[in-house]
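These numbers were taken from a predicted model, which means no experiment stands behind them. Numbered from 1 within each chain, the chains take letters A, B, ... in sequence-line order.
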Protein chains: 2
Amino acid sequence: MASGSAARKPAPEPLVVLEDFLPYRLNVLAGLTSSALAQIYAERFGLSIPAWRVIVTLGQYECRTARDMAPDGVMHKSTVSRAVAALEKRGLVKRRPNLDDRREEWLALTPQGRAIYEAVAPEALAVGERLLSVLTPREQETLSTLIDKLTQQARLLAPQDAEGDEA
Amino acid sequence: MASGSAARKPAPEPLVVLEDFLPYRLNVLAGLTSSALAQIYAERFGLSIPAWRVIVTLGQYECRTARDMAPDGVMHKSTVSRAVAALEKRGLVKRRPNLDDRREEWLALTPQGRAIYEAVAPEALAVGERLLSVLTPREQETLSTLIDKLTQQARLLAPQDAEGDEA
DNA sequence: TTCCGTTCGTTGCCCATGCAACCAATACCA
DNA sequence: TGGTATTGGTTGCATGGGCAACGAACGGAA
């Protein structure tokens, strides 16, 4: 069927099969999980992903500077800056000047920020659990190891961008 | 040292440890590999990631419609539309009307498009190889299996967005 | 034939984000 | 001390990409 000429011809030489290409598959997986989470962050709590990361980090450490917010260089500093500004505006985060170095400021969750943190965190964790529930504990450990190895290697392959920001 | 009051206090209850949180780690890994690849695509060939995906798909199948370009629902149809438009403008892709259904159009690489495909593909593959080179063949197989399982599960958790587009 | 519902694809609008330039404060060094 | 380089953080600008509304074309039913 279809037109008489060249429909659905196989390509001369398929050099890459996209659905077997690791970076593509990683992107798909990460995108799906991100959107599952972003849905919770956004619809229920009005948080962007960067905002969520800031909140989680402050939930862990109580007091951090904006620079410490992305020690792995994942978020751009402008992203962090804007996320913090938005959170401060909503009264979820407060800043205190660091008297020892007045370039930077200490950040902390306000009580309202902490409350949101305590509301979102369990739901986010639940999504993570549901995701991992298809793997055996042993597989989960293996996965963790593999991700670490790959991440370490990926840092070497993506030098000046995501990493050069730091250092 | 530091200010006398509340610097670096541990948080009351760290509910989530970001660097152990699977979705976060996946995002970091995918982001690093993406940026390693995007660098090649962009700097050397002026291709965005969606454009690259279109080119690879057409390199595999010769003739596809825009709709078939993201069968897994990863790319939004507007993203595909714009990527195809840009590629056509650069003379890398050509459209032919499908006379059997004039809503859609067949897409194919032009010779120039094919040339770019053949130039980019090996480099992209090389990055993928270098990434995987830190894993044993057995680990690579395991990884593949785990990614598949997780992706399948992630599709269930991210319903209306990335998937609802299709169906 | 004429409706109605659905699908493919495009486009206007808007927001998020990366980049780069910039300001302020500090560090280093002569 | 002064001068330069470096770092923390913000902001203007341009771009990429999502969403939703739209137009065009098809399918089915009366």
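Between atom OH of residue A/Tyr61 and atom CG of residue B/Leu18 there is a gap of 9.0 Å, rounded to the nearest 0.5 Å.
A straight line from NZ of B/Lys89 to C1' of C/dT10 spans 15 Å, rounded to a whole angstrom. Protein atom CZ of A/Arg103 is 10 Å distant from nucleotide atom P of C/dA25, rounded to whole Å. Going from atom CD of A/Glu104 over to atom P of C/dA25 covers 13 Å, rounded to whole Å. When rounded to the nearest whole Å, the span between CG of B/Asn98 and P of D/dA24 equals 19 Å. Summarising the geometry, the separation between CG on B/Leu99 and C1' on D/dA25 is reported as 13 Å, rounded to the nearest angstrom. Taking atom CG of B/Leu47 as the reference point, atom P of D/dG17 lies 12 Å away to the nearest angstrom. Across the protein-nucleic acid pair, B/Glu43 atom CD and C/dC19 atom P stand 10 Å apart, rounded to whole Å. One atom, NZ of A/Lys77, and another, P of D/dT7, lie 10 Å apart when rounded to the nearest Å.
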List the atom pairs, donor and acceptor, that lie under 3.5 Å between side-chain atoms in residues 82-92 of chain A and the rest of the protein, sequence neighbours left out.
residue	atom	partner	partner atom	Å
A/Glu88	OE1	A/Arg95	NH1	2.6
A/Arg90	NH1	A/Phe45	O	3.4
A/Arg90	NH1	A/Gly46	O	3.0
A/Arg90	NH2	A/Phe45	O	3.3

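Nucleotides of DNA chain D nearest to A/Ser78 and B/Asp101 differ in position, and the one nearer the 5' end is that of A/Ser78.
Under the 3.5 Å distance criterion, the side-chain polar atoms of A/Ser34 are left unmatched by any main-chain donor or acceptor of A/Gly31.
Residue-level contact check: A/Thr79 touches the backbone only, with heavy atoms under 4.0 Å from sugar-phosphate atoms and none from bases. Within the nucleic acid shown, B/Thr65 comes within 4.0 Å of sugar-phosphate atoms alone, with no base atom in reach, counting heavy atoms only.
At least one side-chain nitrogen or oxygen of B/Arg67 sits closer than 4.0 Å to the OP1 or OP2 atom of C/dC8. For C/dC8, the OP1/OP2 oxygens have no side-chain nitrogen or oxygen of B/Ser81 closer than 4.0 Å.
Looking at A/Arg82, its side chain comes within 3.5 Å of the base of C/dG18 through a donor and an acceptor atom.
Minimum atom distance to the side chain of B/Ala66 is reached by C/dG9, of the listed C/dG9, D/dC26, D/dG18.
For the residue pair B/Asp68 / B/Thr65, a side-chain donor-acceptor distance below 3.5 Å is found, with atom types taken as modelled.
By the salt bridge (Lys or Arg N to Asp or Glu O under 4.0 Å) test, A/Lys149 pairs with B/Glu139, sequence neighbours left out.
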